[in-house]
Amino acid sequence: MNEFKYKGNILYCEDVSILDIVKDYSTPFYLYSHRTIVDHFLKIKNAFSAIDPLICFSMKANSNLNICKALLNEGCGLDIVSGGELYKALKIGCPPSKIVYASVGKTEEEIETAIRKKIFSFNVESIPELIMIDTVARRLKTKPRVALRVNPDVKPDTHDYITTGTKEKKFGIDFKTAEDIFDNANKYSNVSIKGLHVHIGSQITDVEPFITSLKKVLDFVEKGNIGLEWLNIGGGFGIMYHDESAKTAEDFARAIIPILKARNLKIILEPGRFIVGSGGILVCKVLYVKTGVTGKNFAIIDAGMNDLIRPSLYKAYHEVLPVAKLDTTSLVYDVVGPICESGDYLALDRSLPKLSSGEYLAVMSAGAYGYTMASNYNSRPRPAEIMVIDGHVKIIRRAETYKNLIAGERIIKELK
Ligand code: LLP
């Protein structure tokens, strides 16, 4: 289900005209469809129901409290990567038994808080981290659960920056080292190592890499005698931004379930993008249109790489649609932001209806890794987040103000 559709010439979010929303709220803003997000969670839940997994939404994709809460209300748990995400998860009442914690660089303080809060498990990425968790656990006289994150050395077809499961990357532990850890588990007597975790990357639109990596992990499980209780198979399910032949939740489930089914392991999934990616858009306004000396048309908009960095950082494709289709002639544009860098664009060489100042555009599929990666670069306040829920238009995060920009700064006395 995708609830961003045209009715006539106007783009709607669910049953609300986006042209009406821009009358009340200034651009740029992120706009989410509650129905789409819940629907995508339920798609995964239903597709994998035969193995009844714990689905932990990967907060890094979108950590707005309301979006996470909407998912918790459906029974979802959370995958966190920092003390900040733990704080937010607990703020909205996520049961600690539904929180899993990955990251190659957990600090001692973060580890201590997570142990005290009794999260379900740490996904451990190195021996020094395991030693740190063991040491903190001994001090706190508890025995937290940990899963070893293994690196299966599988290369999916995705951007290098979001490939995580190949051996030259910083993530996880190779099988040999993992075997040594299990063989010497008595060295880490303050932790219970009863899980394995694997996450090979993000925006993976094929099933094969998942199959290959899970087979490798299960071979490892079968060879050793490690008394495993759960297997966390990570996230990474890709979505359709452009012309990818992305798979449905059923496609992923059909490939993955048979590999896992007979194993009698509790399964955890950590999808992020699949749940929220197409559930959000970035709405912006055309400030100026200009034609360069080469004849190239630039549509200069009021959102930039600080609001949505994916095109600049990964050369990612996001579809751009006019909120109102006004003109029937089309022209090719670079859709660019106001930031002082040539890499500041949202879309290149796009055919769009002829644009004029004041028209609104929607940058599609911006619900995942959009706001969470936004910054204040060029001293630009971050945009608002708005959600359509049950026919209502709700602000779920105010736009930042100039005051917010300087909230943490002070002119020191030496400079007064
Ligand atoms: N689990 C772990 C351990 C992860 O590192 C990630 C994502 C996920 C789950 C969720 O992956 P997903 O289902 O969303 O693919 N900023 C990049 C994506 C970075 C992904 C980082 N890890 C982007 O905009 O494409």
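When a ligand or atom number is given, it counts from 1 through the structure's own listing order. Excluded from the calculations below are hydrogen atoms, water molecules and symmetry mates; all remaining heavy atoms, backbone and side chain alike, are included. We're numbering straight along the sequence, starting at 1.
Ring geometry for Phe175 against Phe220 counts as tilted: the plane angle lies between 30° and 60°, on a 0 to 90° scale.
Not a single heavy atom of Ala368 sits closer than 4.0 Å to an atom of ligand 1.
Looking at Thr142, its side chain never comes within 3.5 Å of a backbone N or O of Pro144 through a donor-acceptor pair. In terms of modelled atom types and a separation under 3.5 Å, the side chain of Asp39 and the main chain of Arg35 share no donor-acceptor contact. With Tyr32 contributing its side chain and Ile396 its backbone, the two residues share no donor-acceptor pair below 3.5 Å.
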Margin query: With salt bridge (Lys or Arg N to Asp or Glu O under 4.0 Å) as the criterion, how do Glu112 and Lys106 come out once you've worked through the C-alpha distance, each side chain's angles and the decisive distance to 0.1 Å?
Written below: CA-CA 10 Å; Glu112 175 163 347; Lys106 307 172 186 83; over 6 Å; no
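At a 3.5 angstrom cut-off on N or O pairs, Met373 does not count as close to ligand 1. Residue contacts with ligand 1: Glu270 is placed with a nitrogen or oxygen under 3.5 Å of a nitrogen or oxygen of the ligand (distance criterion only). At a 3.5 angstrom cut-off on N or O pairs, Ser58 does not count as close to ligand 1.
Counting protein heavy atoms only, atom 17 (C) of ligand 1 is closest to Tyr314 OH, 3.1 Å. Scanning the protein heavy atoms around atom 24 (O) of ligand 1, the nearest turns out to be Arg310 NE, 2.6 Å. Counting protein heavy atoms only, atom 15 (O) of ligand 1 is closest to Ser202 OG, 2.4 Å.
Considering each of Arg273, Glu125, Gln203, the one bringing a non-hydrogen atom nearest atom 18 (C) of ligand 1 is Arg273. When the heavy atoms of Tyr369, Phe274, Phe237 are ranked by distance to atom 11 (O) of ligand 1, first place goes to Tyr369. Between atom 6 (C) of ligand 1 and the options Lys60, Met59, His159, Arg149, the minimum heavy-atom separation is to Lys60.
Salt-bridge check for Lys215 with Asp219: failed, with every basic side-chain N at 4.0 Å or more from each acidic carboxylate O.
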